[in-house]
> 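Please find one structure pasted underneath; my questions will follow.
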Amino acid sequence: MADTASQLLLGSGLTVVSHPLMYVKMLVQVGHEPLPPTLGRNIFGRQVYQLPGFFAYAKHIIRIDGKRGLFKGLTPRLCAGAVGTVVHSKVLQCYQNQNQMEESGSKQKENPCLEFVIKETTQEMVARSAATVITHPFHVITLRCMVQFIGRETKYDGVFTSIVTIYREEGVLGFFAGLIPRLLGDVFSLWICNMVAYLLNKYALENEAMGEMKSYSQAVTGFLASMLTYPFVLVSNLMAVNDCG
């Protein structure tokens, strides 16, 4: 319980801090371009027209809605984070209770074999998928609260009123718009990250001189996996807000 509580607090703090970034990213994903491009230089030094970056976009939102405007949709996102953390930890706890590690398990973790990596990844996949399915309705509400900035609507205002609105207009399926590509993206990202990290640690970083690099391999492969599966995230978000009024 203490671990879950600390994860909830840390996760909520990170969610609040990163919310303006997600807000701007979502508006960019749906193609909202309220500011004209400016003349700048690309990495090769050539003059090109560039769309505004995060800070220019954030200033535009603040100019219209104030600083509080950067946190539109934060409440359902916090709900999704809290529920997802609890579900994820409960599912993993069930796996740990069913498969108690043997005494040699600690040695396996230091130099895990392929079978151990597949087993751990499968369990993590089930836990993440369960959390994603259960929290997806909050995710849909979050995105729809955000895109209202474009047309200045107030249709999705609050968690409970949004739930009533979606159920009345779209039924239960409306809460799961865009779920399939989101699930596929999560699953592919997890497997790519863990398998590539395993192969790097086992074959490319097997000598002692490269031992310190092993601790960073998971982060690097996670970043690459998120880039490769980004199209799934984009499609999922667009499906979640498509024809929502």
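Keep in mind that this is a model prediction, so the values were computed, not measured.
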> Over 60° means perpendicular and under 30° means parallel, so tell me whether His60 and Phe149 are parallel, tilted or perpendicular.
perpendicular

> What residues form a side-chain hydrogen bond (donor to acceptor under 3.5 Å, both in side chains) with Arg46, not counting sequence neighbours?
none

> Show which residues join Met239 in its hydrophobic cluster (side-chain heavy-atom contacts under 4.5 Å, direct or indirect), or state none.
Val235

> Are any of the side-chain heavy atoms of Leu143 and Val147 separated by less than 4.5 Å?
no

> If we only count heavy atoms from C-beta on, is the Glu124 to His88 side-chain gap below 4.5 Å?
yes

> Measure the CE-CG distance between Met146 and Leu70 for me, rounded to the nearest 0.5 Å.
10.5 Å

> Can you confirm whether Ile141 sits close enough to Arg77 that some side-chain heavy atom of one is under 4.5 Å from a side-chain heavy atom of the other?
no

> Taking the side chain from Tyr156 and the backbone from Cys244, do they hold a donor-acceptor pair closer than 3.5 Å?
yes

> Is a side-chain donor or acceptor of Ser226 paired with a backbone partner of Phe223 at a separation under 3.5 angstrom?
yes

> Minimum heavy-atom separation for Val133 and Pro137, please, with both atom names.
O-CD, 3.8 Å

> Quick one, Val117 and Glu120 - any side-chain contact, counting heavy atoms below 4.5 Å?
no

> Going by atom type alone, with no hydrogens or angles, which donor-acceptor pairs under 3.5 Å involve a side-chain atom of residues 182-193 and a protein atom two or more places apart or on another chain?
{"unit_1": "Arg182", "atom_1": "NH1", "unit_2": "His136", "atom_2": "ND1", "d": "3.1"}
{"unit_1": "Asp186", "atom_1": "OD2", "unit_2": "Thr132", "atom_2": "OG1", "d": "3.3"}

> Is there a donor-acceptor pair under 3.5 Å between the side chain of Ser162 and the backbone N or O of Gly158?
yes

> Can you list everything that forms a side-chain hydrogen bond (donor to acceptor under 3.5 Å, both in side chains) with Gln148? Sequence neighbours excluded, please.
none

> Return the CG to CZ distance between Leu21 and Phe54, rounded to the nearest 0.5 Å.
5.5 Å

> According to salt bridge (Lys or Arg N to Asp or Glu O under 4.0 Å), who are the partners of Lys155, at least two apart in sequence or on a separate chain?
Glu169

> Taking C-beta and beyond as the side chain, do Val140 and Leu179 meet within less than 4.5 Å on heavy atoms?
no

> Return the set of residues passing side-chain hydrogen bond (donor to acceptor under 3.5 Å, both in side chains) with Thr121 (not counting sequence neighbours), or none when no residue passes.
Asn194

> Indicate if Leu74 and Ile163 have the same hydrophobic cluster label, given that clusters are the connected sets of ILVMFWY residues with side-chain heavy-atom separations under 4.5 angstrom.
no

> Return the set of residues passing side-chain hydrogen bond (donor to acceptor under 3.5 Å, both in side chains) with Glu170 (not counting sequence neighbours), or none when no residue passes.
Arg144

> Could you give the side-chain donor-acceptor pairs of residues 28-40 under 3.5 Å, partners two or more places apart or in another chain?
{"unit_1": "Gln29", "atom_1": "OE1", "unit_2": "Asn237", "atom_2": "ND2", "d": "2.9"}
{"unit_1": "Gln29", "atom_1": "NE2", "unit_2": "Tyr230", "atom_2": "OH", "d": "2.9"}

> Should we count CG of Asn42 as having more than 12 external heavy atoms under 6.0 Å?
yes

> Run Val24 and Ile61 through side chain to side chain contact (heavy atoms under 4.5 Å, CB included) and show every step you take.
CA-CA 9 Å; Val24 171; Ile61 296 172; 4.1 Å; yes

> When you group the ILVMFWY residues by side-chain heavy-atom contacts below 4.5 Å and let the links chain together, are Phe55 and Met22 in the same group?
yes

> With rounding to the nearest 0.5 angstrom, report the CZ to OH distance, Phe71 to Tyr23.
11.5 Å

> Show your working on side chain to side chain contact (heavy atoms under 4.5 Å, CB included) between Val220 and Leu200 and close with a plain yes or no.
CA-CA 11 Å; Val220 174; Leu200 281 175; 5.9 Å; no

> Kindly work out whether a path of hydrophobic side-chain contacts (I/L/V/M/F/W/Y, heavy atoms less than 4.5 Å apart) joins Leu9 to Val16.
no

> Distance from His19 atom NE2 to Thr75 atom OG1, nearest 0.5 Å?
8.5 Å

> Can you tell me how far the OG1 atom of Thr142 sits from the NZ atom of Lys72, to the nearest 0.5 Å?
13.0 Å

> Answer with yes or no whether the hydrophobic clustering places Tyr167 together with Leu173; edges join I, L, V, M, F, W, Y residues whose side-chain heavy atoms lie under 4.5 Å apart.
no

> Tracing side-chain links under 4.5 Å among I, L, V, M, F, W and Y, which residues wind up in one group with Val86?
Leu8

> Between Gly178 and Ser236, what is the shortest heavy-atom contact and its length?
O-OG, 2.6 Å

> Identify the heavy atoms of Gly174 and Ile166 that sit nearest to each other, and give their distance.
C-CG2, 3.7 Å

> Taking all non-hydrogen atoms of both residues into account, name the closest pair between Gly73 and Cys145 and its distance.
CA-CB, 3.9 Å

> Between Leu78 and Phe138, is a side chain to side chain contact (heavy atoms under 4.5 Å, CB included) present by the stated rule, with each step listed?
CA-CA 9 Å; Leu78 285 173; Phe138 293 111; over 6 Å; no

> Who passes salt bridge (Lys or Arg N to Asp or Glu O under 4.0 Å) against Arg152, sequence neighbours left out?
Asp65

> Is Phe160 isolated, or which residues cluster with it under the ILVMFWY side-chain rule of less than 4.5 Å, directly or via members?
none

> Which residues pass the ring pair (Phe, Tyr, Trp, His ring centres under 6.0 Å) test with Phe176, sequence neighbours left out?
none

> Does the side chain to side chain contact (heavy atoms under 4.5 Å, CB included) test come out yes or no for His139 and Thr135, once each step is laid out?
CA-CA 7 Å; His139 181 68; Thr135 61; 5.8 Å; no

> I'd like to know if Met26 and Leu51 are part of one continuous hydrophobic network [Ile/Leu/Val/Met/Phe/Trp/Tyr, side-chain heavy atoms within less than 4.5 Å].
no

